[in-house]
> 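Here it is, the structure in full.
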Amino acid sequence: MTQIVLASASPARLALLRSAGLDPKVIVSGVDEEAITAETPAELCLTLARAKASVVAGDLTEGLVVGCDSMLELDGKAYGKPSSPQEAVARWRLMRGREGRLLTGHCVIDAADGREVSEVEATVVRFGTPADEEIAAYVATGEPLRVAGAFTLDGLGGWFVEGIDGDHGNVLGISLPLLRRLFGELGVSVPALWHRP
């Protein structure tokens, strides 16, 4: 069976792939995300996803390496993980009552032959209007500091998201429908990857 390698430290991505029948090996790339720049938020998350996948694939001789990177696009600007509680509070004050696009760059590399496919998935997120004290309480939990866009759908942040248009998994960090298409482009069928204990 083809080994799936997740080039990401994200517990949400790992949990999503496991719940979808895969048993990925995790190898964190160690890519310095701050050193990478691009013209647009979509290009940035795709460039980061490709960098992560290629670093990990470079050390392997087989397997499908999946690299991902997520960020929130608001007013044409890219927002990753907030660097401080103060930044997370400011971010939530900016986001509340508005819509943003959660972008996730996906890159899959076949380590055996170096073939690579990549694409960005976008999901529209409609934020609620939490009060200042709710924002302060949420930031105090530490959760927004660990995630792109300073919010989660599947955690405490879910209280403050009114809805989404698009793929729910993409907001968690990985789009299963997109990943299935990328695997297909490399000639791999998803059911063949399902882990049967």
Side-chain angles (χ1 to χ4, degrees), residues 4-29 31 33 41-42 44-53 56 64-74 78-83 88 91-92 95-96 98-109 117-128 130 135 138-139 141-184 190-191 193-195:
I4 301 297
V5 178
L6 179 61
S8 168
S10 163
R13 286 188 187 116
L14 179 61
L16 193 58
L17 290 176
R18 282 183 173 155
S19 70
L22 303 188
D23 185 26
K25 179 178 181 178
V26 173
I27 302 177
V28 180
S29 69
V31 165
E33 299 186 22
L44 181 59
C45 65
L46 192 59
T47 301
L48 285 162
R50 293 175 75 180
K52 292 173 183 180
V56 172
L64 291 178
V65 179
V66 179
C68 293
D69 191 81
S70 299
M71 55 195 54
L72 181 73
E73 182 183 22
L74 197 63
Y79 294 96
K81 296 173 187 166
S83 60
R91 179 94 54 87
W92 262 99
M95 297 186 316
R96 67 178 159 196
R98 301 183 60 202
E99 276 186 1
R101 292 193 328 145
L102 196 290
L103 306 172
T104 300
H106 297 65
C107 178
V108 182
I109 298 176
V117 288
S118 60
E119 198 175 318
V120 176
E121 185 65 35
T123 303
V124 173
V125 181
R126 295 189 304 281
F127 295 104
I135 291 173
Y138 180 42
V139 170
T141 68
E143 183 184 90
L145 298 171
R146 296 189 292 270
V147 288
F151 75 96
T152 61
L153 264 191
D154 57 341
L156 300 172
W159 293 101
F160 311 121
V161 175
E162 295 291 321
I164 65 167
D165 299 316
D167 178 15
H168 157 270
N170 190 57
V171 182
L172 304 183
I174 201 160
S175 168
L176 295 177
L178 173 55
L179 200 55
R180 183 179 67 82
R181 290 197 303 274
L182 295 177
F183 284 159
V190 161
L193 299 172
W194 288 341
H195 179 66

> Could you tell me if the side chain of Leu48 sits less than 4.5 Å from the side chain of Met71, heavy atoms only?
yes
> Just checking, any donor-acceptor pair under 3.5 angstrom between side chains of Thr152 and Arg146?
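The answer is no; no qualifying pair exists.
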> State whether a side-chain donor-acceptor pair under 3.5 Å links Asp167 with Ser175.
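Checked: Asp167/Ser175 side chains pair up, N/O donor to acceptor below 3.5 Å.
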> Are side-chain heavy atoms of Glu119 and Arg181 found at a separation under 4.5 Å?
yes
> Taking the six-membered ring for Trp and the full ring for Phe, Tyr or His, determine whether the centres of Phe160 and Phe151 are under 6.0 Å apart.
no
> Side chains of Arg13 and Leu172: does their closest heavy-atom pair fall under 4.5 Å?
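They are not in contact (no side-chain heavy atoms under 4.5 Å apart), so the answer is no.
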> Can you measure from CG (Leu72) to CE (Met95) and round to the nearest 0.5 angstrom?
6.5 Å
> Which pair of non-hydrogen atoms, one from Pro82 and one from Ala150, has the smallest distance, and what is that distance?
CG-CB, 3.5 Å
> Measure the shortest side-chain to side-chain distance between Ile4 and Phe183 over non-hydrogen atoms and say whether it is less than 4.5 angstrom.
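Ile4 vs Phe183: side chains touch.
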> Over all heavy atoms of both residues, which pair between Lys52 and Cys68 is shortest? Give the atoms and the distance, please.
NZ-O, 3.2 Å
> Please round to the nearest 0.5 Å and tell me the distance separating atom CD of Glu33 and atom CG of Leu44.
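Here the interatomic distance stands at 8.5 Å.
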> Looking only at heavy atoms, what is the nearest atom pair of Ile109 and Cys107, with distance?
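Distance-wise, the nearest heavy atoms are CG1-SG, 3.9 Å.
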> If you measure from CG on Leu193 to CG on Leu22, what distance do you get to the nearest 0.5 Å?
6.0 Å
> Charged N to carboxylate O under 4.0 angstrom, Arg126 versus Asp165?
yes
> Quick check: closest heavy atoms across Leu103 and Cys45, and the distance to 0.1 Å?
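That would be CB-SG, 3.8 Å.
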> Within a strict 4.5 Å, meaning less than it, do heavy atoms of the Lys81 and Leu145 side chains meet?
no
> Could you check if a side-chain atom of Lys25 sits within less than 4.5 angstrom of a side-chain atom of Leu6, using non-hydrogen atoms only?
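No, side chains not in contact.
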> Could you tell me which non-hydrogen atom of Val56 sits nearest to which non-hydrogen atom of Val5, and how far apart they are?
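Residues Val56 and Val5, closest heavy atoms: CG1-CG1, 3.9 Å.
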> Are Tyr138 and Trp159 an aromatic pair by the rule of ring centers under 6.0 Å?
no
> Should Ile135 and Arg96 count as side-chain neighbours, where that means a heavy-atom distance under 4.5 Å?
yes
> Could you tell me the separation between the CG atom of Leu46 and the OG1 atom of Thr104, rounded to the nearest 0.5 Å?
11.0 Å
> Apply the test side-chain contact (heavy atoms from CB on, under 4.5 Å) to residues His106 and Val117: give CA-CA distance (whole Å), side-chain angles for both, the deciding distance (0.1 Å), then the verdict.
CA-CA 8 Å; His106 297 65; Val117 288; over 6 Å; no
> Output, in order, the C-alpha distance, side-chain angles, deciding distance and verdict of side-chain contact (heavy atoms from CB on, under 4.5 Å) for Leu153 and His168.
CA-CA 8 Å; Leu153 264 191; His168 157 270; 3.6 Å; yes
> Report the C-alpha distance between Val65 and Val108 in whole Å, list the side-chain angles of each, state the deciding distance to 0.1 Å, and finish with yes or no for side-chain contact (heavy atoms from CB on, under 4.5 Å).
CA-CA 5 Å; Val65 179; Val108 182; over 6 Å; no
> Flag the pair Leu17 / Ile174 as yes when at least one side-chain heavy-atom distance between them is below 4.5 Å, and no otherwise.
yes
> Which atom names give the shortest non-hydrogen contact between Tyr79 and Arg91, and what distance separates them?
CD2-NE, 3.2 Å
